Every structure is written in C-alpha cells, then in structure tokens.
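A short worksheet on the structure shown next.
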Amino acid sequence: MASNEKNLSEYSSTNIKPIGERKFAIVVSEWNEEITEALYHGAYSTLIQHGASKQNIIRKNVPGSFELTLGAQWMAQDNSIDAVICIGCVIQGETKHFDFICDAVAHGITNVSLKYNKPIIFGVLTPNTKKQALDRSGGKYGNKGDEAAITAIKMLGF
Ligand SMILES: Nc1c(NC[C@H](O)[C@H](O)[C@H](O)CO)[nH]c(=O)[nH]c1=O
Ligand SMILES: CC(=O)[C@@H](O)COP(=O)(O)O
C-alpha cells in the first residue's frame, strides 16, 4: 500500500504495552541530514512514548546509508541491545548509484537480523525527490521513523 494511502504515523497503540527496560540502538545516516534527523526524532520520541528509557536508547551515526549495515552489526553484536533501528534517506540521482545503495542496505540489514536473530528495522526512505522525503519524515504522509520504532516494539512481542 503506497504511503499516500496509509499514513506512516497512524497505528493502533491500544495493544502496545510499555516496553520497560528493553534497549534499542538507532543507527543514523548523516547523508540528507535534514531528513534523517527528522526520522531519528520520530523514532526516538515514539520509543519514549511507549515506555522506553532515555538511557536505553543508543544512537550511532554513520556517514551514509551504505554504512548502515556495518553500523547495525556493531550494535547487534552487543547482547544487551534488543533491537536496532536503521535510519537513512537515499534520494535518486542521475545514475544507478541509488539502486546499488538501496539494494545493499536492504539485503545487508536483513542478513544482520538473521545472523544475530534480532530485529534490525529498515527505516530507510528511498524517494525519487527531496519533496517525497519531506512528506515521509514528518510531512503529509507522517514519519517513517515512527513506523520503524513501532515495528521494533512489535517485533519484540509487545
Ligand atoms: N547519495 C546518497 C548516499 N551516498 C553515500 C553512500 O551511502 C556511502 O556513504 C558512500 O557510497 C560511501 O560508501 N547515501 C545516502 O544515505 N543517501 C544518498 O542519497
Ligand atoms: C543515491 C546517490 O548516491 C545519488 O544521490 C548520487 O547521485 P548521482 O547518481 O547523480 O551521482
């Protein structure tokens, strides 16, 4: 279902219990910082809203979305971390570089989740334009960071 049919920030919270002492890592790409900071704040605030403690949310910055995979692995190998949220924004340019990055990140973080048997959430926007990114990072279609945090919480069984 396209984002213009389902707001990324709309979800039923009635069935989500407080997440107590669970520990989360949020790995944030620095490329398109205006977008990724908005996504990060969406994810962070959603975790806090559902009961996570500030000291149990670890942030790790990486240069670009391609580096999210290794950043996620560094966090996932810490046994105290229950779930990892990857935040990035890859905007289509003139060349096929976009395709290679998006493919590498999608497959990469999937492999990390299977290797460490823990949720590694794909909170990466892959828009064609900056406007599409703005619409999905706190704009008219909500915030994918919210969605990524809820996904992490649900994957932990709450
Ligand atoms: N163009 C975008 C990039 N490019 C950088 C790569 O992610 C990577 O850091 C580089 O290829 C070195 O390994 N990254 C984004 O996150 N978003 C882009 O739009
Ligand atoms: C996704 C990218 O790396 C992209 O922004 C680079 O732009 P271009 O394909 O025009 O070099």
Side-chain angles (χ1 to χ4, degrees), residues 1-11 23-50 52 54 56-78 81-156:
M1 177 185 289
S3 295
N4 61 6
E5 298 176 74
K6 177 191 178 303
N7 189 287
L8 295 165
S9 298
E10 290 176 0
Y11 53 86
K23 191 170 180 182
F24 301 84
I26 306 179
V27 186
V28 186
S29 164
E30 295 170 339
W31 257 78
N32 299 311
E33 187 177 16
E34 174 189 359
I35 303 299
T36 60
E37 284 304 310
L39 295 173
Y40 169 77
H41 287 289
Y44 180 89
S45 59
T46 299
L47 291 175
I48 295 294
Q49 177 187 335
H50 288 283
K54 290 181 178 179
N56 285 338
I57 303 174
I58 311 302
R59 175 169 174 163
K60 172 66 181 177
N61 286 356
V62 294
S65 291
F66 189 85
E67 286 73 37
L68 287 172
T69 300
L70 185 53
Q73 177 159 294
W74 288 341
M75 297 296 102
Q77 66 192 16
D78 178 340
I81 290 177
D82 296 297
V84 181
I85 297 167
C86 293
I87 295 293
C89 178
V90 189
I91 300 177
Q92 179 66 268
E94 295 177 351
T95 72
K96 293 175 66 177
H97 197 221
F98 171 90
D99 300 315
F100 287 101
I101 296 172
C102 295
D103 190 56
V105 175
H107 284 94
I109 70 172
T110 297
N111 292 337
V112 173
S113 66
L114 297 176
K115 178 177 179 181
Y116 291 94
N117 194 35
K118 64 177 67 172
I120 312 293
I121 308 305
F122 186 75
V124 181
L125 292 176
T126 57
N128 295 310
T129 65
K130 183 171 180 182
K131 179 183 184 312
Q132 288 178 349
L134 291 168
D135 287 344
R136 292 158 176 79
S137 54
K140 65 180 180 180
Y141 296 140
N143 190 322
K144 193 162 190 68
D146 300 359
E147 180 200 50
I150 288 298
T151 302
I153 293 167
K154 288 182 175 181
M155 285 300 289
L156 293 176

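Counting starts at 1 for both ligands and their atoms, in listed order. Atoms considered below: every heavy atom in the structure, side chains included; atoms not considered: hydrogens, waters and symmetry mates. What you are looking at is a predicted structure, and each value in this text was computed from that prediction instead of being measured.
Checking side-chain atoms of Ser29 against main-chain N and O of Gly88 turns up no donor-acceptor pair under 3.5 Å. A donor-acceptor pair is defined here as one N or O able to donate and one able to accept, closer than 3.5 Å; such a pair exists between the side chain of Lys118 and the backbone of Ala76. Lys23 places no side-chain N or O within 3.5 Å of a backbone atom of Ala52 that could act as its donor or acceptor partner. Between the side chain of Thr36 and the main chain of Val28, no donor-acceptor pair closer than 3.5 Å is present. At distances below 3.5 Å, at least one donor-acceptor pair connects side-chain atoms of Ser9 with backbone N or O atoms of Asn143.
Summarising the geometry, atom CD1 belonging to Ile91 is positioned 11.0 Å from atom CD1 belonging to Ile101; distances are rounded to the nearest 0.5 Å. In this structure, Ser137 OG and Gln132 CD are separated by 11.5 Å, a value rounded to the nearest 0.5 Å.
For the pair Glu94 and ligand 2, the shortest N or O to N or O distance falls below 3.5 Å. Taking distance alone, with nitrogen or oxygen atoms compared against 3.5 Å, Ile101 stays at or beyond that limit from ligand 1. Ligand 1 has an N or O atom lying under 3.5 Å from an N or O atom of Ile91, backbone or side chain. When only interatomic distances are considered, the shortest N/O to N/O separation between Thr95 and ligand 2 falls below 3.5 Å.
Within ligand 1, counting atoms from 1 as listed, the ones closer than 4.0 Å to a heavy atom of Val90 are 17 (N), 18 (C), 19 (O). Shown in contact with Ile91 at under 4.0 Å from a heavy atom are these atoms of ligand 2, numbered in order with element: 1 (C), 4 (C), 5 (O). Short contacts between ligand 1 and Ser29, defined as distances under 4.0 Å to a heavy atom of the residue, involve ligand atoms 16 (O). Residue contact check: Val90 has heavy atoms under 4.0 Å from atoms 1 (C) of ligand 2. Within the listing of ligand 2, atoms 2 (C), 3 (O) sit less than 4.0 angstrom from a heavy atom of His97. Near Asn32, meaning under 4.0 Å from one of its heavy atoms, ligand 1 places the atoms 17 (N), 18 (C), 19 (O). Those atoms of ligand 2 that come under 4.0 Å of a heavy atom in Phe98, given as number and element, are 1 (C).
Taking 4.5 Å as the limit, some side-chain heavy atom of Leu47 sits within range of a side-chain heavy atom of Ile85. Between Trp74 and Val27, the closest side-chain pair of non-hydrogen atoms is not below 4.5 Å.
Here the heavy atom of the protein found nearest to atom 1 (N) of ligand 1 is Trp31 CZ3, 3.1 Å. Here the protein heavy atom with the shortest distance to atom 12 (C) of ligand 1 is Glu67 OE2, 3.5 Å. Residue, atom and distance of the protein heavy atom nearest to atom 7 (O) of ligand 2 are Gly93 CA, 3.7 Å.
There is a side-chain donor-acceptor pair under 3.5 Å between His107 and Asp103.
By the 4.0 Å N-to-carboxylate-O rule, Glu37 lies close enough to Arg59 to be salt-bridged with it.
By the 4.0 Å heavy-atom criterion, His97 is counted among the residues contacting ligand 1. Residue contacts with ligand 1 include Cys89, since one of its heavy atoms falls under 4.0 Å from the ligand.
Counting heavy atoms closer than 4.0 Å to ligand 1, residue Ser65 contributes atoms from both its backbone and its side chain.
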